[in-house]
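What follows is a single structure, written as structure tokens, with notes after it.
Computed from a predicted structure; not experimentally measured. As a basis for the values below, the full set of heavy atoms in this structure was taken, side chains included, without hydrogen atoms, waters or symmetry mates.
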Amino acid sequence: MTPQAATPAYRRLSVEERRSQLLEAALSLFAHRAPEDVSVDDVAEVAKVSRPLVYRYFPGGKQQLYEAALGSAAEELRQCFDEPRQGPLLPRLSRALDRYLAFVDEHDAGFSALLQGGSVVETSRTTALVDGVRRAAAEHILSHLGVRDPGPRLRMTVRMWITAVEAASLIWLDEDKQPPVEELRDWLVEQFVAVLAVTAGRDPQTAAVVAAFAGDG
């Protein structure tokens, strides 16, 4: 008698595992489509589950899924600038930008929708998440600069540069990811040095920072 092929054992997912599965499906969709172009049915299809199951874990539907996905993406972006405080400053900044731009490249349309706003699912909570990423990035950079109590000029300069990085990333996507990402990264690092140099002419604290990292070699 020919033995029958074994039937794969079915394992019921835990609540946290199922929620993670659905969130991963949502993230894969939001990464490449604007939020208004993603439906709960799309998430169910990608996750290979029923629509009611999605609502069981995310009763708020697409809005709750989007906010959860955005929270996950925001945490990943925050970690981009979490670079060990070792070695010269500019190579550290380059490595942080490599991670940031890799995220932009991977999430593409979702990144554009996230930063450009205007989505039908945008709320004060989603706006706060995005702003939190910007503030966290600024704190990381100021920490890399070795500044514990930044004055308004230095703090403004760093935050302006972060805004410029966001704008350049959006334009880079719109320009079919040209110039090459390594060239974009180096250009952004050079811009950081340039804006600090301009501020240093008006602010002694920034001048001291520039002198310190110039001495790093």
Side-chain angles (χ1 to χ4, degrees), residues 13-83 95-140 159 162-178 180-181 184-185 188:
L13 298 181
S14 69
V15 170
E16 192 55 40
E17 287 172 330
R18 179 67 75 187
R19 191 177 188 280
S20 296
Q21 178 204 23
L22 295 174
L23 185 54
E24 184 177 344
L27 276 168
S28 69
L29 290 166
F30 289 128
H32 301 291
R33 301 187 203 170
E36 52 266 35
D37 295 332
V38 176
S39 69
V40 170
D41 287 333
D42 292 330
V43 175
E45 182 180 354
V46 169
K48 296 181 171 56
V49 300
S50 67
R51 189 171 189 267
L53 185 65
V54 177
Y55 277 105
R56 184 188 305 173
Y57 286 86
F58 293 92
K62 184 170 77 170
Q63 180 65 47
Q64 188 178 0
L65 272 166
Y66 178 64
E67 290 180 9
L70 181 56
S72 177
E75 182 57 32
E76 189 174 341
L77 277 170
R78 286 190 193 96
Q79 292 175 2
C80 287
F81 289 92
D82 191 10
E83 174 75 18
R95 289 191 293 271
L97 281 172
D98 279 338
R99 290 191 291 272
Y100 183 92
L101 293 171
F103 180 94
V104 173
D105 189 20
E106 180 183 353
H107 291 81
D108 208 325
F111 180 85
S112 297
L114 168 63
L115 289 186
Q116 287 177 322
S119 166
V120 295
V121 293
E122 184 179 16
T123 67
S124 59
R125 291 189 296 275
T126 61
T127 301
L129 281 169
V130 176
D131 190 56
V133 172
R134 294 170 180 146
R135 291 181 181 277
E139 291 305 314
H140 277 304
R159 293 182 67 181
I162 290 168
T163 301
V165 169
E166 290 181 358
S169 299
L170 290 169
I171 296 169
W172 181 68
L173 291 176
D174 194 49
E175 293 289 337
D176 296 322
K177 300 181 181 178
Q178 290 297 322
V181 67
L184 175 62
R185 175 204 62 207
L188 289 171

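- Contact annotation: the side chain of Leu173 never approaches that of Ser169 to less than 4.5 Å [non-hydrogen atoms, C-beta and beyond].
- Within the 4.5 Å cutoff, no side-chain heavy atoms of Val38 are placed close to those of Leu65.
- Considering all non-hydrogen atoms of both residues, Arg78 and Gly132 come closest at NE-O, 4.1 Å.
- Note: Leu29 CG to Tyr66 OH = 13.5 Å, rounded to the nearest 0.5 Å.
- Side-chain N/O atoms of Gln21 and Glu17 include no donor and acceptor closer than 3.5 Å.
- No side-chain heavy atom of Arg99 sits under 4.5 Å from any side-chain heavy atom of Gln79.
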Report the C-alpha distance between Phe58 and Arg19 in whole Å, list the side-chain angles of each, state the deciding distance to 0.1 Å, and finish with yes or no for side chain to side chain contact (heavy atoms under 4.5 Å, CB included).
-> CA-CA 8 Å; Phe58 293 92; Arg19 191 177 188 280; 3.7 Å; yes

When you look at Leu184 and Leu101, which way does the side chain to side chain contact (heavy atoms under 4.5 Å, CB included) test go after all the steps?
-> CA-CA 9 Å; Leu184 175 62; Leu101 293 171; 3.8 Å; yes

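- Here Asp131 pairs with Arg135 under the side chain to side chain donor-acceptor pair (under 3.5 Å) rule; sequence neighbours left out.
- The aromatic rings of Tyr100 and Phe81 sit tilted, their planes meeting at an angle between 30° and 60°.
- Leu188 and Ala168 make their closest contact through CD2-CB, 4.0 Å (heavy atoms, listed as atom of the first residue, atom of the second, distance).
- Counting all heavy atoms, side chain and backbone alike, Gln64 lies closest to Tyr57 at NE2-O, 4.4 Å.
- Of all non-hydrogen atoms in Ala25 and Val46, the two that sit nearest each other are CB-CG1, 3.7 Å.
- The minimum heavy-atom distance linking Glu166 with Arg134 is given by the pair OE2-NE, 2.8 Å.
- Note: Cys80 SG to Glu75 CD = 10.5 Å, rounded to the nearest 0.5 Å.
- The nearest pair of heavy atoms linking Leu22 to Leu53 is CD1-O, 4.3 Å.
- Counting only distance, with no hydrogens or angles, the side chain of Asp42 and the backbone of Ser39 share a donor-acceptor pair below 3.5 Å.
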